Amino acid sequence: MSHELGRLEDLPQDYRDELTQLNLVPLWPSLRAVLPPKVPTRKTRPTCWSYQLLRPLLLRAGELTPMEKAERRVLVLANPGHGLEKMQASAAMYLGMQLLLPGEWAPSHRHTPNAVRMIVEGEGAYTTVDGEKCPMRRGDLILTPTGLWHEHGHDGTEPVVWLDVLDLPLVYYTETSYAIEGQRQPVQPGHGEQAYRSGGVMPTPVFERSHKAYPMLRYPWVDARAALVALAADRPDQEAVQVSYVNPETGQAAQNILGFYALMLRPGQTLRLPARSPAMVFHQIEGRAEARIEDSTFTLNEADTCCAPGYTAVTLRNLSAEQPAFLFIADETPLHQKLGVFENRG
Ligand SMILES: [Fe+2]
């Protein structure tokens, strides 16, 4: 057990004043706070956001704030542990529910934080990323990686909502977050999801691999879901039925900082995920599940989202005994691995 260290108030006031005047701080009164024993201090609290409760407020934002006054009409899913004003779900993750109404246009820009969209509801909207027009359908994952131009349009008749997941808190913290406004992008032919349609084969015109940093921008849910269903049928003995969204050229995580996954819970299944260093976000794509995180138990109905702090085991349970449940997961694994702080504590 670590012994108590000297406190700030143990020091004479004149000494403390002299330190302050010279921009100096004694370390020992704060040492245990910045280097706590065995488990880091985490501000991230288990938190759940009900889609049923937030949806009317998001639609009301559509009436209250026109697009030209919002640019991106988003309600941020903020973790109270960090303080709502910080607009972060975890140390590195930002979550927002974004609304686009029929005929609206969210203008082109690019920025240093990486973003992905997980489409929640509605038909007819699309995101143009780096000249590739990506239709938005429920459950699709669309990347807008760092530095790539992107804009959102909507030719349909009903509101479209998607979940934005960004590494904004981390990029902002490192004082590298900024955006550039742009012109409407010309749409180019070619779709990554067609080029990389089948696992195991990839386009190599005249024996050349793609040199694009982000060769695949849209990951259709229909394909990810089919992969999970096939995996579950092929390996009935395997407990976790999970796929990762990867860069098909490198096999590495699809983006540099956050990791993205889809998980299928078999009918009635309970799955315990080990305590790993990264914080995690769970978004229910299909079915109903329960998430047990520390002392909290959340029921995840379709389109609900919750988050778990790092170093915490999470138990997921499919609440249906007949139907599979499908979840989208985002976490901070690529970041922790690059920093060399990744841990799986089992
Ligand atoms: Fe953006």
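Bear in mind the structure is a predicted one, so any value in this text is a computation, not a measurement. Counting starts at 1 for both ligands and their atoms, in listed order.
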- Task: Return the set of protein N, O or S atoms whose distance to the Fe ion (ligand 1) is under 2.8 Å, each given as residue and atom.
- Result: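 Within the sphere that stays under 2.8 Å of the Fe ion (ligand 1), the protein atoms of type N, O or S are His109 NE2, His111 NE2, His150 NE2.
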
- Task: Taking the side chain as every heavy atom from C-beta outward, state whether Pro215 and Asn247 have any atom pair closer than 4.5 Å.
- Result: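 A side-chain contact exists here, since the closest heavy-atom pair is under 4.5 Å.
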
- Message: Check Asp223 with Arg225, please: is the shortest side-chain N to carboxylate O separation under 4.0 Å?
- Response: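 Here Arg225 does not pair with Asp223 in a salt bridge, since their nearest N and O are not under 4.0 Å apart.
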
- Item | NZ/NE/NH1/NH2 to OD/OE distance under 4.0 Å, Arg138 and Glu302 |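 Salt bridge between Arg138 and Glu302, a charged N being under 4.0 Å from a carboxylate O: yes.
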
- Message: Between Arg317 (side chain only) and Glu290 (backbone N and O only), is there a donor and an acceptor less than 3.5 Å apart?
- Response: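 No.
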
- Say whether, by atom type as modelled, one donor and one acceptor occur between the side chain of Asp331 and the main chain of Pro278 under 3.5 angstrom.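 Looks like no, no N/O pair under 3.5 Å.
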
- Query: Distance only, no hydrogens: is a donor on one side chain within 3.5 Å (strictly under) of an acceptor on the other, for Arg276 and His336?
  - Reply: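 No, because no side-chain N or O of Arg276 sits under 3.5 Å from a partner of the opposite role on His336.
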
